[in-house]
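Take a look at the structure set out below.
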There are 2 protein chains.
Amino acid sequence: MRKRRSLAMNLDAVAQKAGVSTSTVSRVLNNLEIVKTSTRSRVLKAAEELNYHPNLHARSLARGKSRILGIIVSNMENPFFLDIYRTLESDAHAQGLEVVVANTDYRSEQLLASVQLMIGLRVAGLAAIVSEMEEHLIQTVAGSRIPAAFYDVGTPQKNITNIRVDYRKGIKKTVSYLSALGHRRMAFIGHHSTLGPISERRKTFLESVHRCSPSAEAKIFAGPDGLDGGRQAARELLESGFRPTAILCVNDFMAVGVMRELREEGLQIPRDVSVTGFDNIKLAEFCSPPLTTVHIPREQIGHIIFDNVFGDGRAEHDTGREIVIDPELVVRDSTGIAAKS
Amino acid sequence: MRKRRSLAMNLDAVAQKAGVSTSTVSRVLNNLEIVKTSTRSRVLKAAEELNYHPNLHARSLARGKSRILGIIVSNMENPFFLDIYRTLESDAHAQGLEVVVANTDYRSEQLLASVQLMIGLRVAGLAAIVSEMEEHLIQTVAGSRIPAAFYDVGTPQKNITNIRVDYRKGIKKTVSYLSALGHRRMAFIGHHSTLGPISERRKTFLESVHRCSPSAEAKIFAGPDGLDGGRQAARELLESGFRPTAILCVNDFMAVGVMRELREEGLQIPRDVSVTGFDNIKLAEFCSPPLTTVHIPREQIGHIIFDNVFGDGRAEHDTGREIVIDPELVVRDSTGIAAKS
DNA sequence: GTCTGCGATGCAAGCGTTTGCAGAAATCGC
DNA sequence: GCGATTTCTGCAAACGCTTGCATCGCAGAC
């Protein structure tokens with residue numbers, strides 16, 4: 001016999017103290033109704049006194065499955081990911097599921113580690129809401145037979161749901177709206193991500209502007225993501241000499257950074273220049289002026305994902321699913337009629 | 001024999017495919033050096049081909065411990081918690097530890113569940129950064145023998161580190177600063193938490209104001225936490241008829257909400273009223289006007305916690321530790337000389 | 001040629017649960 | 001009061017891994 005590793009804090013200890021077998025203890029703790037009330041309370045008392053907590057690893061192992069929902073996100077600071085995560089978490093808790101989250105920080109090495117972790121944990125379902133998902137990882141997940149949902153990747157698979165937001169539509173709506181206000185010189189400010197979805201947005205922007213008004217001017221700028229990045233990109237825009245009457249930003253944080261820089265330059269919003277964002281985070285409502293932006297229904301996305309991984313939508317689907325979300329324009333005070341040029 | 005539950009995706013499968021025993025496979029996958037190179041590569045090939053991922057539950061069970069750091073926070077949306085979490089996570093990953101996070105949403109029922117989860121997972125260390133920690137839960141954790149760090153609770157224990165920020169000092173510094181600017185009518189805006197730390201802050205505020213100037217007026221208001229809550233509290237303040245020349249807010253989010261409401265009322269900041277926050281979140285720098293606030297070194301806190309749970313500070317300490325952090329005032333544009341009354 | 005030493009591998013117990021099955025105890029019918 | 005149920009409880013195998021110890025094969029020493 002090998003030596004004991006630590007103080008005995010297992011079913012056996014409780015069983016001995018209560019004078020029953022481990023099976024009975026197990027049944028009590030799992031609320032199986034076949035245990036006599038007197039035995040039951042004796043066991044509960046023993047467990048309580050020993051400060052016993054079941055070993056979840058052993059439980060998962062014995063049961064052959066866990067009650068854990070795995071969530072992988074790129075970046076918790078980004079309200080887009082955060083809100084989806086929070087919705088998933090609350091849905092999961094409502095069903096008595098535990099949640100394990102991993103952050104990738106946009107790093108594919110970290111993404112790989114996270115996927116391995118989730119598979120290793122034999123999670124009951126996996127939601128990967130990351131902007132950097134890679135094809136071979138999708139295959140890995142598919143091979144693991146874990147029901148999963150991915151965000152914004154191109155290839156639905158067996159047991160895998162793919163959900164995405166129709167950013168093209170959001171951009172088109174914004175450009176049409178600005179165009180109707182008379183804007184003919186517009187800029188798009190993105191961030192340095194060269195990944196699929198973003199550069200598609202840039203393309204869509206250019207196309208939309210030219211469709212609304214063939215003579216209109218459109219330019220693209222970029223900086224790092226976030227408040228600072230927006231500011232930096234705005235700086236570059238100003239230094240380039242280009243003077244748009246409207247600036248579309250790829251997300252709200254960047255838009256707020258942009259507005260700050262413009263204000264410092266002495267420009268008034270929206271009198272001198274209109275600014276729009278994307279996502280409709282809380283801050284968009286509270287910055288000054290309140291930001292016109294495209295609303296991404298993050299809670300709805302979270303619920304849909306949950307439903308597809310655990311809920312009614314969980315049924316095996318061989319072909320995979322693709323769900324597309326339509327975003328809406330939310331008009332606030334950061335946009336107005338185009339300044340005379 | 002019981003029936004197999006799922007497709008055999010275990011060490012045995014790999015072992016058979018590679019024509020070796022499970023022990024050998026285990027040794028290969030754990031990088032023990034005693035395996036012959038040829039065997040080693042055969043095993044790796046087999047594992048690769050089977051798309052094998054070790055079952056972490058079984059591993060933890062067999063090893064008698066996990067390589068997981070458990071983190072519990074009140075609310076990921078709050079940059080205070082988020083930043084500490086992120087620091088902890090990156091420290092953990094740097095050491096090859098996995099991380100499991102749980103959100104309590106300020107709900108003690110959810111906190112209990114989270115603590116149970118962490119103990120059940122037999123995490124190698126636990127950091128609980130929650131504002132609602134309860135004494136009996138501390139006892140529970142202490143009883144579990146898991147090295148832990150708590151934030152801002154009063155009773156250090158064996159194997160438990162307690163870290164807290166000296167909010168009193170932060171408040172005193174702010175009040176002194178405002179007092180020196182001539183402010184004699186001040187308000188403090190907190191949120192509805194009636195828990196220890198917060199109400200201590202209120203008390204400290206009142207004392208500080210009276211110490212600086214015995215004739216000064218000081219009042220306290222409160223709303224729910226967050227941007228909306230700040231706005232609501234400011235509304236109440238305005239309706240009360242009290243007209244402070246300076247308003248201290250319990251955190252930056254509330255301060256931004258407050259400023260928004262004041263601005264809507266036609267008040268100018270800081271000409272008519274000065275506003276300060278607490279935490280020094282990114283937004284404090286980007287709101288308008290940029291917010292004077294008290295800086296809480298969240299990264300430093302994260303590192304200290306990690307070090308005490310896993311690093312050099314990890315050594316058993318029977319008496320418990322208490323670490324106190326000193327906050328600094330960061331002056332920006334939301335504060336100025338007191339308006340003439 | 002036997003022995004020793006050693007590197008590489010396998011054997012099997014053990015980690016803390018769950019759970020099918022069997023057996024014991026309590027209850028019931030008559 | 002005795003068998004037939006119905007409850008309740010215990011036994012032991014299984015979950016997938018790690019790891020101390022035993023074993024095996026082979027090289028070098030004598």
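To find a chain, count down the sequence lines: A is the first, B the second, and so on, and within it residues start at 1. What you see is a predicted model; the values in this text were computed from it and never measured.
Within the 4.0 angstrom heavy-atom criterion, no nucleotide atom of any strand lies near A:S60.
At whole-Å resolution of the value, OH in B:Y52 and C1' in D:dG16 are 7 Å apart. Per the geometry, NE2 belonging to A:H57 stands 19 Å off C1' belonging to D:dA14, to the nearest Å. Rounded to whole Å, the distance from CG on B:L61 to P on C:dG16 is 7 Å. The nearest whole Å value for the distance from the CG atom in A:L11 to the P atom in C:dT17 is 4 Å. Atom CG of A:D12 is separated from atom P of D:dG10 by 12 Å (rounded to the nearest Å). We find that CD1 of B:I34 is positioned 15 Å from C1' of D:dC24, with the value rounded to whole Å. Summarising the geometry, the separation between CD on B:Q16 and P on C:dG10 is reported as 12 Å, rounded to the nearest angstrom. Spacing between atom CZ of B:R67 and atom C1' of D:dC17 amounts to 17 Å, rounded to whole angstrom units.
Atom CD1 of B:I119 and atom CG of A:N55 lie 12.0 Å apart (nearest 0.5 Å).
By the 4.5 Å heavy-atom criterion applied to side chains, B:Y151 and B:N162 are not counted as neighbours.
When distances are taken from the side chain of A:S23 to each of D:dC8, D:dG10, C:dG10, the shortest belongs to D:dG10. For A:T24, taking side-chain heavy atoms from C-beta onward, the closest of the listed nucleotides C:dA12, D:dT9, D:dC21 is D:dT9. For B:N30, counting side-chain heavy atoms from C-beta on, the closest listed nucleotide (D:dC8, D:dC17, D:dT18) is D:dT18. With distances taken from any side-chain atom of B:R27 to the nucleotides D:dG20, D:dT9, D:dT18, the minimum falls on D:dG20. Picking from D:dG16, C:dA12, C:dT17 the nucleotide with the shortest atom distance to the side chain of B:T22 gives C:dA12. Nearest nucleotide to the B:R122 side chain, out of D:dC8, D:dC17, C:dT17: C:dT17. Listed nucleotides: D:dT9, C:dT17, D:dC21. Nearest to the side chain of A:R59: C:dT17.
Note on B:S21: every side-chain N or O is 4.0 Å or more away from OP1 and OP2 of C:dT9. At least one side-chain nitrogen or oxygen of B:N10 sits closer than 4.0 Å to the OP1 or OP2 atom of D:dG16.
Ion pairing between a basic and an acidic side chain is recognised when a charged N comes within 4.0 Å of a carboxylate O; A:E299 and A:R86 show no such pairing.
Between B:H57 and A:H57, the ring planes lie tilted relative to each other; the angle falls in the 30° to 60° range.
Checked against the 6.0 Å centroid criterion, the rings of B:Y85 and B:F81 do not qualify as a close aromatic pair.
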